Amino acid sequence: MTDTRFDPSSADGRWQRAWSEAGTFTADSSSSKPKSFILEMFPYPSGRIHMGHVRNYTMGDVLARYKKMRGHEVLHPMGWDAFGMPAENAAMEKKVHPGSWTRANIEAMKAQLQRIGFALDWTREFATCDPEYYGHEQSLFIDMYEAGLVYRRSSEVNWDPVDMTVLANEQVIDGKGWRSGAEVEKRKLDQWFLKITDFAGELLDGLGELKDWPEKVRLMQENWIGKSTGLEFSFELSNGDKLPVYSTRPDTIFGASFCAVAADHPLVQQVGASDPAAASFIEECKRGGTTAAELETAEKLGFDTGVTAKHPFTGEPLPVFIANFVLMDYGTGAVMGVPGHDQRDFEFATKYKLPIARVVASDVSEADAPLDGEAATGDGVIVNSDFLNGMSVEDAKAEVNFRAEADGWGEGTTVWRLRDWGVSRQRYWGTPIPFIHCDACGVVPVPKGQLPVTLPEDVDFETPGNPLERHPTWSKTACPKCGGDARRETDTLDTFTNSSWYFLRFASQPVDAPFDAEEVAKWMPVEHYIGGIEHAILHLLYARFWTRALKHIGKIDVAEPFAALFTQGMVTHETYGKRENYTRKSSVDGRDVEVSEWTWLSPDEVNRTSEGATLKASGEPVEVGRVVKMSKSKKNVVDPDGIIDEYGADAVRWFMLSDSPPERDLPWSEAGIEGCGRFVQRLWRLFESLDPAASGEDKALARKAHQAIVAVAEDIEALSFNKAVARIYELTGAAEKAAPSESRNFAIRTILHLVSPMMPHLAEEIWSRQNESGLIADAAWPAHDPAMLVEDEVTIAVQHKGKLRDTLTAPKGAAKEDLEALALASEKVQRSLDGAEIRKVIVVPDRLVNIVT
RNA sequence: GCGGGUGUGGCGGAAUGGUAGACGCCGGGGACUUAAAAUCCCCUGAUCUUUUGAUCGUGCGGGUUCGAGUCCCGCCACCCGCACCA
């Protein structure tokens, strides 16, 4: 009956089947229990599950299982973010259809996930490349179009002239196509856009309600949306034109000493055309670096156009420069330069010897105080500014705005950094945009009854270009309006649209609609959403936008999709490598060339000891590099499958939860997983040592168990899995050492429940061996006795001169005087006092006594 | 440059302003064994000390406090993000 070892290779699969057959994790939306929707960001089916996925899904799994134990009806689904470029790349490289490549990957990865024993509701599984899914997406897209949230306009793309395809920014390397190596061109194409800017204000304000999102992510989104308020007004130019500018500091308008426009500003094109010096300056501006750090440190450069602008209040002529620090795509592409109170303007004015005036000072009496080497960007009172003098910055802004609007030369405006979302992709493997182009009727949505517009199966990846466009028949159709010959839209939707509403489809999946609003209302918002920080902006902002847009058009009644967001750290590993030096003949002139080559080595090829690392094959020493995110390029990846074969799913799950706080990186180590494997067996022995016949009380151990019930629950709810793990270790150690008793049996059963969300296979195996009925996955979280949480004896620290001198044991709640007397009675304390006069004694009940001399 | 985060033993990390280093890993010693594995026990921040113990110690420098890893001020280093945003 008693086995000495837990055998995951037989138990894991057995319990996974038991859960599946019993439908243990199938979510029931008609349940009257409180609902919990636990969601991890669904994976792209690249081919293999990696450790990052395992960590992500283990965290969600513990939460899901815990919530279930707490009496919640839990929805914990899984699916596949299955459209995307890698499938098309595979099609080109391996000559497989993107669909079959993707399907095969899904099958393999699903099997991997199932081996880890996740409590997932597989009945709701779908892939975004299923026509049932993307057909509903098409219908939602048409709804948005009809609500005025979708429009078309011409926009620039990266065009690869050899592959005849549009490239994503990350596919452009040094200005060349990543595959063809051809010089990339800019091309204008008519593209589809979603009006996310209509929701800029809502998306910004909504962040304030997301209390359970990381501050960091909220800030990133806030900056991305980028709200600013100011005045847009026009200067009259000496050449008769008007120059609209935007300023957030209209209060400093009397400090303006120049205007500056972007190199690609329309005004510049006239000047550049007639002046070769201007033309070459414009060229230079366009060549400049684009990273933030480069831009910040780059020298401010300008070119005087010779045109002047008339100051709206003073009538002074201000020179108009072309400047490299002004961006065409923000505001109006032109600014007024106020060098006294803007650092960039200050640097610029210093270089080109333009007047630098103070118009804001800390006090009226400081009006003539010189600016010491930099712009004064702080708050203060307006000076040297005619009718604004003496006003606060705030009042002066309002006053200038008022006068500009009253006199009709300007307007208070809000400017957003957020741009509309371009969703057109000239690719095959995505959701076809459900529109038809008719020469007579223009752009017409596909009638909903004809959805889904499915992708053709017979496609050709041999010739360059968009396969949908080249397909001989697919795009040919009849206009739904006039019935005449028409052409289907051949662009597909950005894959971010697929992940912008998938959680709604998880919550509810009727056949004839994207979702059912009532069903959605039962589950949404997602209670815990867990994933990587890399999605802090785009995915999370787009999903928030879709949710708000769908609410706006009356499809759902929830504004924010994710009540709480958790961004987990990466799984990292040491890197190994060696440098090889050799000589080879140069291919150019045949001479010997010294070559030094760095080779990364995989952990499988290396023997790692505490002294260092050596190559398994030859025993030569290997360099141990930095601990970094697991990646194929550095070869520091560990495949979950091999680890599960060796240690079982529970050991891997335990490792994922141990040691590192979940938001930080988790360093994978062989020693660490071995330790987890040993702990699984240690628990097994402890559970097997349960003696049903034991009697007697062990109050200290029972108390520890009750305390652990409370503490582990708190830790799981705070997602502090590493702390929960430490508590379980502690209780385990205490139970192991204790003599048999009823209390010990209680402690052991408690541990079994506490670890069951983390090590579900071991827990089920023990549960059944103890002849308990049903599955422990269906059991409740153990109840605790509040009376048992309180200690009746406490340890009191005694300090003197700020240092610990002794510790004493005292009954809980002992009087201050008693503690003081007890402390002074201590021999160690007396030795430290050494007869010194006691000036004060601080007593913190149940904690410490501090003697001041 | 700006914004955010982090900094505690050999390592991952604990610690409502109240015993710094819980818990795990590594390492050392021992028991069991013919032997090994497995398991169990003990030690494990540094320095000094025979023991007892003492002193130092949470990136650096100040401060508040009876008492600071924790609060305040000023720095440093590393990591992440970014948009010269008018």
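Note that this is a predicted model, so its numbers are computed, not measured. Chain letters run A, B, ... following the sequence lines, proteins first and then strands; every chain starts at 1.
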If [N] has a Watson-Crick or G-U wobble mate with both distances under 3.5 Å, name it; if not, just say none.
| N | answer |
| --- | --- |
| B:rU33 | none |
| B:rC2 | B:rG81 |
| B:rU65 | none |
| B:rG24 | B:rC11 |
| B:rU58 | none |

Interatomic distance, [X] [atom1] vs [N] [atom2] [rounded to whole Å]:
| X | N | atom1 | atom2 | value |
| --- | --- | --- | --- | --- |
| A:Ile673 | B:rC26 | CD1 | C1' | 16 Å |
| A:Ile728 | B:rG13 | CD1 | P | 20 Å |
| A:Arg847 | B:rA15 | CZ | P | 13 Å |
| A:Glu793 | B:rU19 | CD | C1' | 17 Å |
| A:Tyr729 | B:rC23 | OH | P | 12 Å |

How far, in whole Å, is [M] from [N] if one measures between their [atom1] atoms?
| N | M | atom1 | result |
| --- | --- | --- | --- |
| B:rC26 | B:rG12 | C1' | 11 Å |
| B:rC79 | B:rG27 | P | 30 Å |
| B:rG28 | B:rU19 | P | 33 Å |
| B:rC25 | B:rC76 | P | 40 Å |
| B:rG10 | B:rU44 | C1' | 11 Å |
| B:rC85 | B:rG17 | C1' | 43 Å |
| B:rG21 | B:rG29 | P | 26 Å |
| B:rC75 | B:rG9 | P | 25 Å |

For [X], which contact category applies under a 4.0 Å heavy-atom criterion: base, sugar-phosphate, or nothing?
| X | result |
| --- | --- |
| A:Val338 | nothing |
| A:Lys629 | nothing |
| A:Arg727 | nothing |
| A:Tyr246 | base |
| A:Thr807 | base |
| A:Glu730 | sugar-phosphate |
| A:Val844 | base |
| A:Thr332 | nothing |
| A:Leu219 | sugar-phosphate |
| A:Asn722 | sugar-phosphate |

>> Need to verify one output field. Residue with the more 5' nearest nucleotide on RNA chain B, A:Ile796 or A:Ile851?
In response: A:Ile796
>> Judged by each residue's nearest nucleotide on RNA chain B, which is more toward the 5′ side, A:Asn850 or A:Gly226?
In response: A:Asn850
Check whether any side-chain nitrogen or oxygen of [X] sits under 4.0 Å from OP1 or OP2 of [N], and answer yes or no.
| X | N | answer |
| --- | --- | --- |
| A:Lys803 | B:rC56 | yes |
| A:Ser658 | B:rC25 | no |
| A:Arg664 | B:rG5 | no |
| A:Arg218 | B:rG3 | no |
| A:Lys828 | B:rG53 | yes |

Please enumerate all protein N or O atoms sitting under 3.5 Å from an N or O of nucleotides 38-46 of chain B, with distances to 0.1 Å.
residue, atom, partner, partner atom, Å
B:rU39, O3', A:Arg685, NH2, 3.4

> What's the closest nucleotide to the A:Lys840 side chain, out of B:rC25, B:rC85, B:rC66?
Replying inline: B:rC66
> Choosing from B:rU19, B:rC66, B:rG12, which nucleotide comes nearest the side chain of A:Ser660?
Replying inline: B:rG12
> Going through the distances and angles, do A:Glu730 and A:Gln707 end up as a side-chain hydrogen bond (donor to acceptor under 3.5 Å, both in side chains)?
Replying inline: CA-CA 11 Å; A:Glu730 240 168 307; A:Gln707 288 169 340; over 6 Å; no
Using the ring centroid of each side chain, check whether [X] and [Y] are separated by less than 6.0 Å.
| X | Y | value |
| --- | --- | --- |
| A:Phe313 | A:Trp409 | yes |
| A:His311 | A:Phe254 | yes |
| A:Phe655 | A:Trp668 | yes |
| A:Tyr352 | A:Phe321 | yes |

Using 4.0 Å as the upper bound for N to carboxylate O, is an ion pair formed by [Y] and [X]?
| X | Y | value |
| --- | --- | --- |
| A:Arg727 | A:Asp715 | yes |
| A:Glu827 | A:Arg831 | yes |
| A:Arg218 | A:Glu215 | yes |
| A:Glu574 | A:Arg608 | yes |
| A:Glu736 | A:Arg682 | yes |

> Syn or anti: how is B:rG27 classified when any glycosidic angle within 90° of 0 counts as syn?
Replying inline: anti
